[in-house]
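Every chain is numbered from 1 and lettered A, B, ... according to where its sequence line falls, protein lines coming before strand lines. All of these numbers come straight from a predicted model, not from anything done at the bench.
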2 protein chains.
Amino acid sequence: MAVTCPHNPEVNCTDCRMNSLCLPIALELDEVERLNQIVQRGRPLQKDSHVYNVADEFSAIYAVRSGSIKTYNVSDQGAIQVTGFFLPGEIFGIDGIAHTHYVSAAVAMETSAICEIPFSRLEELSMTMPSLQRHFFKLMSKEITNDQQLITLLSKNSAEERVATLLLSISSRNAKRNLSSLRFRLPMSRADIGNYLGLTVETVSRVFSRFQKQGLLEVDKKEIEIKDIDALQELSNI
Amino acid sequence: MAVTCPHNPEVNCTDCRMNSLCLPIALELDEVERLNQIVQRGRPLQKDSHVYNVADEFSAIYAVRSGSIKTYNVSDQGAIQVTGFFLPGEIFGIDGIAHTHYVSAAVAMETSAICEIPFSRLEELSMTMPSLQRHFFKLMSKEITNDQQLITLLSKNSAEERVATLLLSISSRNAKRNLSSLRFRLPMSRADIGNYLGLTVETVSRVFSRFQKQGLLEVDKKEIEIKDIDALQELSNI
DNA sequence: CGACGCGTTGAATGTTGTCAAACCGAGTGG
DNA sequence: CCACTCGGTTTGACAACATTCAACGCGTCG
């Protein structure tokens with residue numbers, strides 16, 4: 001049992017139950033083992049502690065093993081923009097590539113464990129493992145796609161549509177991790193949601209209340225139960 | 001004279017007056033020549049014709065030689081989101097990397113000439129030219145940075161702030177191309193601006209009128225003269 | 001216990017979107 | 001040559017949605 005506990009720093013890539021999410025599917029067993037060799041697993045991070053901060057030197061990319069991470073940018077004027085939420089099995093920190101220093105920051109939203117993958121060693125490794133190289137390009141590309149979807153969301157959609165879309169995103173990502181897609185706990189605060197979606201805290205709160213009144217959701221602080229996923233999808237799709 | 005005309009397909013990278021913008025600075029003369037060998041220059045594109053479209057096979061990245069290009073995404077529901085405007089010397093089409101097919105589209109906003117750089121040959125070339133490889137990573141990274149800046153703009157800024165920021169962006173990019181930073185012609189329509197900035201055409205138009213009334217701009221259709229760049233910067237910075 | 005962070009709710013305000021009309025310049029056909 | 005249409009743009013009146021400001025509830029922690 002201990003070996004599969006996500007907080008356990010001893011767990012290796014082969015046994016990690018997230019490996020289907022963060023590793024390329026095509027990897028052979030011995031390749032996973034070689035990757036495993038370079039992955040560094042520290043002890044759990046406390047809530048609100050930084051994985052990296054703006055202007056930190058870029059040296060690694062990260063995978064969430066347990067808990068949850070948010071990333072944010074700081075504009076020249078000091079405005080904070082949350083750019084992503086990352087759940088177990090997901091990769092973050094790729095935007096630092098090609099800069100020598102991070103332009104964003106990453107913090108734990110709750111007690112979390114992460115895997116650190118030194119970038120230089122990953123580069124070496126991908127020279128001899130084409131599927132890793134490809135996977136890695138896909139990750140950068142996915143980052144761009146994600147950002148552009150967020151741009152569309154912010155640019156074209158109402159508060160209700162934005163919140164519905166975020167809830168469905170978390171729902172489907174939970175499903176991938178074999179968790180319930182209809183009942184889950186939001187790791188982030190209302191302020192984080194608002195910041196991410198370009199809304200004020202009050203608006204986010206009101207949307208949750210409205211959804212509850214309309215029977216789409218059951219909301220208890222951060223606990224969410226989706227009661228009418230079709231209606232949410234309807235909202236998210238229009 | 002003919003050799004420096006930007007529409008001329010015969011002009012090569014060494015002589016192109018945009019080369020300081022689209023090529024890495026560190027390239028040796030003979031390296032430029034090797035790159036020049038793989039660049040394909042077609043005849044000019046007409047206004048509104050596509051460089052590539054959604055679902056086209058990804059095979060190359062592009063540089064603007066003359067004219068201007070816009071890129072846009074199409075959401076599942078068919079909504080169009082303009083994601084970028086590209087001026088001479090700028091590179092576009094990088095978001096197709098790591099997908100086999102484009103997820104976005106690129107169209108000429110006016111008669112334009114472009115350089116096509118086949119991706120597979122660029123990959124080969126960068127194996128032997130470290131500075132090209134690095135430059136190339138920077139481009140992907142810049143795409144992410146740009147997108148995230150747009151996210152912040154859409155998420156946190158008012159209509160006036162968004163328009164001011166776009167104008168200043170074009171102004172400074174013109175300066176890099178040795179054109180006037182205070183007097184220029186906008187290549188894109190009001191509708192494109194609105195789509196890009198998450199505003200309606202009417203709002204964009206009103207903001208231009210207001211800026212003119214306040215003496216920040218002189219607007220004549222697409223011709224713009226910046227009268228008070230400090231005031232614009234003030235707006236863009238807050 | 002009180003202070004504090006976080007979330008919710010209410011009322012008023014304001015910015016932006018919507019709808020409608022008109023303008024302008026370019027191109028077309030009578 | 002003029003009247004016409006058409007696309008892009010501007011402007012106005014109005015409505016709607018989100019923000020702002022304010023107050024309050026609730027749980028946690030010192």
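For the pair B:D220 CG and C:dG25 P, the computed distance is 9 Å after rounding to whole Å. We find that CG of B:N195 is positioned 12 Å from P of C:dG17, with the value rounded to whole Å. One atom, CD of A:E223, and another, C1' of C:dT8, lie 18 Å apart when rounded to the nearest Å. In this structure, A:I193 atom CD1 and C:dT8 atom C1' are separated by 14 Å, rounded to whole Å. Computed from coordinates, the A:L154 CG to D:dA18 P distance equals 13 Å when rounded to whole Å. Counting to the nearest Å, the C1' atom of C:dT16 and the CZ atom of B:R162 are 9 Å from each other. Spacing between atom NZ of B:K156 and atom C1' of D:dA18 amounts to 14 Å, rounded to whole angstrom units. If you measure from atom CD of B:E160 to atom C1' of C:dG17, you get 16 Å, rounded to the nearest angstrom.
Nearest heavy-atom pair across A:A105 and A:H50 is CB-CD2, 4.0 Å.
A cation-pi arrangement, defined by a distance under 6.0 Å to the six-membered ring centre and an angle within 45 degrees of its axis, is present between A:R190 and A:F208. Remark: A:R162 is not positioned above the aromatic ring of A:Y196, lacking an NZ or CZ atom under 6.0 angstrom from the ring centre and at most 45 degrees off the axis.
Not a single donor-acceptor pair under 3.5 Å links the side chain of B:D48 to the backbone N or O of B:V107.
Using a 4.0 Å heavy-atom criterion, one finds that B:G198 contacts the sugar-phosphate atoms exclusively.
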Anything under 3.5 Å between a protein N or O and an N or O of nucleotides 8-15 of chain D, put it in a table, one pair a line.
| residue | atom | partner | partner atom | Å |
| --- | --- | --- | --- | --- |
| D:dT9 | OP1 | B:R190 | N | 3.4 |
| D:dT9 | OP2 | B:R190 | N | 3.0 |
| D:dT10 | OP1 | B:R190 | NH2 | 3.1 |
| D:dT10 | OP2 | B:R190 | NE | 2.9 |
| D:dT10 | OP2 | B:S205 | OG | 3.0 |
| D:dT10 | O5' | B:S205 | OG | 3.1 |
| D:dT11 | OP2 | B:S209 | OG | 2.3 |
| D:dG12 | N7 | B:R206 | NH1 | 2.9 |
| D:dG12 | O6 | B:R206 | NH2 | 3.4 |

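Within 6.0 Å of atom CZ in A:R210, more than 12 heavy atoms from other residues, nucleotides or ligands are found, so the atom counts as buried in its surroundings.
When each of A:Y72, A:Y102, A:F58 is paired with A:Y52, the ring pair (Phe, Tyr, Trp, His ring centres under 6.0 Å) condition holds for A:Y102 and for no other.
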